[in-house]
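Below you'll find the structure, written out as C-alpha cells, and then a few comments.
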Amino acid sequence: MLKAVSARLALSVPVLAGAILFGFVLLRVVPGDPAALLAGQSASAQVVSQLRIEMGLDKPWIVQLIHYFGDVIVGDLGRSIISNRLVLEELIEAFGPTAELVLTALLVAVPVGIGLGVVAAVQRGTIIDRSIMALAVAGISLPVFWVGYMLILTFGVQWGLLPFTGRLGPMWTLEGLQGLALPALTAAFTLIGPIARISRTALLETLHAEHIKLARAKGVPEYRVVIKHGLRNALLPIVTLIGMQIGHLLGGTVIIETIFAWPGVGRLIVGAIMNSDYATAQGGLLLMACVFVMVNLMVDLLYSALDPRLS
C-alpha cells in the first residue's frame, strides 16, 4: 500500500508542474498589466516601468517561470497586489467556504444520485426509469449558471425562503446552512445526473451476474440482492465517476461562487484574473490542482478497499 501511494504521489509531481505552467502561460496571454494596475491610472510611464522592474515583469517569461517554480518549492506563493496580503493566507481563508460548498454538494448528490440509479435499474423499462433518466439528462445538459439563477429566482426572489448572496456563517449554524443551501443545491444538481446514470448502468450489469442469480435461487430477499450483492459489486465505476466529477465540481465552483457571491477560492481566482493579480490567480489554480490530485489519490486507495485484488 505504501509503495502504491509513493508511486502515485511521484506521478502527481509532473501533473502539478503542468498546472503551474498552464496557469503561468494563460495569465500572461490575458490582456492586463499588474504594474499599471498597482501604479494607478494617473501614474506616469516611468513609474509603471519602475514597478515592472521591481515586480520582475521586465524579465523574459522563462526567467519569471523558473523563479516562480523556485518560490513554489519553498512555499512562497507571492503577495497579492490587490490586498497586499500573502497569497497563501488568502487561499487558506478562502478554502474553508469552498470546502463547505463542495462537501455539502457531495453529501446531497452522492446518496440521491446512487438512490435514483438503483431505483431506475430495479424499475428498468417503466415510467419511473424513464422519468429518472430524463431528470439525469437534464442535470447533465443544463448549464450550472442557469440552474443557479433559476434557484435564486424561485427560492430567493419569488418565495423568499432562502438567502442567495454571500456566506452568512459556518455550515454548522442555522444562518450558515441557510446561506449554503442554494449554492450547494446548484452544485449538487449538476452531479446527480451523471451519478444516477452510471449507477443504473453498473447495477444492471451486476444484476445479470451468476452470483446474483445464485442469491435469488437461495431465496435471499430482493432488497438484499440489490443492495448487498448488486450495488456493492457495482461501486467501482461509481467511485471512479464521483472522483472525476469532483474535479468537474471544483471547476464549477468558480461560476457558482461568482453567482452567489460566495467567498471561496473560485471567486478569488476570478477576481484575481480580472485585476491581473498574477500571484493570487496562479496560487488559486495550483490549489485546485493539488485538491484534484489528492482526490484521485483517495479514489485509488478506495479501489483497494472495495476490491483487494486491485491492491
Side-chain angles (χ1 to χ4, degrees), residues 93-120 123 127-200 238 241-242 244-271 273-274 284 288 291 295:
E93 185 178 300
F95 183 72
T98 297
E100 287 182 358
L101 177 59
V102 172
L103 290 176
T104 306
L106 289 173
L107 288 175
V108 173
V110 171
V112 172
I114 293 178
L116 290 176
V118 170
V119 172
Q123 300 292 329
I127 186 65
I128 297 177
D129 179 24
R130 294 190 182 95
S131 299
I132 292 175
M133 287 301 98
L135 178 65
V137 171
I140 296 172
S141 305
L142 294 176
V144 64
F145 67 85
W146 187 88
V147 175
Y149 283 133
M150 290 301 101
L151 290 178
I152 289 173
L153 182 63
T154 304
F155 294 97
V157 178
Q158 292 185 350
W159 296 349
L161 296 177
L162 294 169
F164 53 87
T165 302
R167 179 173 180 261
L168 303 182
M171 62 182 298
W172 52 84
T173 63
L174 179 59
E175 294 80 6
L177 282 176
Q178 290 176 339
L180 180 61
L182 290 184
L185 286 176
T186 302
F189 186 81
T190 63
L191 296 179
I192 290 174
I195 295 175
R197 291 187 67 181
I198 194 65
S199 299
R200 176 184 182 273
I238 297 174
L241 178 75
I242 292 174
M244 295 173 60
Q245 288 298 313
I246 291 177
H248 174 74
L249 179 58
L250 287 172
T253 56
V254 175
I255 301 174
I256 295 171
E257 290 177 0
T258 303
I259 293 174
F260 291 95
W262 192 258
V265 177
R267 188 167 179 238
L268 183 67
I269 293 175
V270 171
I273 293 175
M274 295 295 291
M288 291 290 195
V291 173
V295 167

Taking all atoms of both residues into account, what is the closest heavy-atom pair of [X] and [Y], and its distance?
{"X": "Leu168", "Y": "Pro163", "result": "CD1-CG, 3.5 Å"}
{"X": "Ala105", "Y": "Ala184", "result": "CB-O, 3.8 Å"}
{"X": "Pro170", "Y": "Thr173", "result": "O-OG1, 2.7 Å"}
{"X": "Ile192", "Y": "Ala109", "result": "CG1-CA, 3.8 Å"}
{"X": "Gly117", "Y": "Ser199", "result": "CA-CB, 3.9 Å"}
{"X": "Ile198", "Y": "Ile195", "result": "CG2-O, 3.3 Å"}

Distance-only donor-acceptor hits, side chain of residues 131-145, under 3.5 Å, sequence neighbours excluded:
unit_1	atom_1	unit_2	atom_2	d
Ser131	OG	Ile127	O	2.7
Ser141	OG	Val137	O	2.8

How long is the span from the [atom1] atom in [X] to the [atom2] atom in [Y], to the nearest 0.5 Å?
{"X": "Leu191", "Y": "Ile242", "atom1": "CG", "atom2": "CD1", "answer": "9.0 Å"}
{"X": "Leu106", "Y": "Ile246", "atom1": "CG", "atom2": "CD1", "answer": "5.0 Å"}
{"X": "Ile238", "Y": "Arg200", "atom1": "CD1", "atom2": "CZ", "answer": "13.0 Å"}
{"X": "Met244", "Y": "Leu241", "atom1": "CE", "atom2": "CG", "answer": "6.5 Å"}
{"X": "Thr154", "Y": "Leu161", "atom1": "OG1", "atom2": "CG", "answer": "10.0 Å"}

Heavy-atom distance under 4.5 Å between the side chains of [X] and [Y], does that happen here?
{"X": "Leu103", "Y": "Met171", "answer": "no"}
{"X": "Glu93", "Y": "Leu268", "answer": "no"}
{"X": "Val265", "Y": "Thr253", "answer": "no"}
{"X": "Arg167", "Y": "Leu180", "answer": "no"}
{"X": "Phe260", "Y": "Thr186", "answer": "yes"}

- prompt: Between Leu151 and Phe189, is a side-chain contact (heavy atoms from CB on, under 4.5 Å) present by the stated rule, with each step listed?
  reply: CA-CA 11 Å; Leu151 290 178; Phe189 186 81; 6.0 Å; no
- prompt: Sequence neighbours excluded, which residues qualify as side chain to side chain contact (heavy atoms under 4.5 Å, CB included) partners of Ala181?
  reply: Leu162
query: More than 12 heavy atoms of other residues, nucleotides or ligands under 6.0 Å from CE of Met274: is that the case?
result: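 No, the 6.0 Å shell around CE holds no more than 12 heavy atoms from other groups.
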- request: Indicate yes or no for a side-chain donor-acceptor contact from Trp262 to the backbone of Ile256 under 3.5 Å, with no hydrogens or angles considered.
  value: no
query: Side chain of Glu257, backbone of Gly266: donor and acceptor closer than 3.5 Å?
result: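 Yes; judged by distance alone, with no hydrogens or angles, the pair exists.
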message: As a quick check of understanding, evaluate side-chain contact (heavy atoms from CB on, under 4.5 Å) for Ile259 and Ile152, giving each step before the final call.
response: CA-CA 9 Å; Ile259 293 174; Ile152 289 173; 3.7 Å; yes
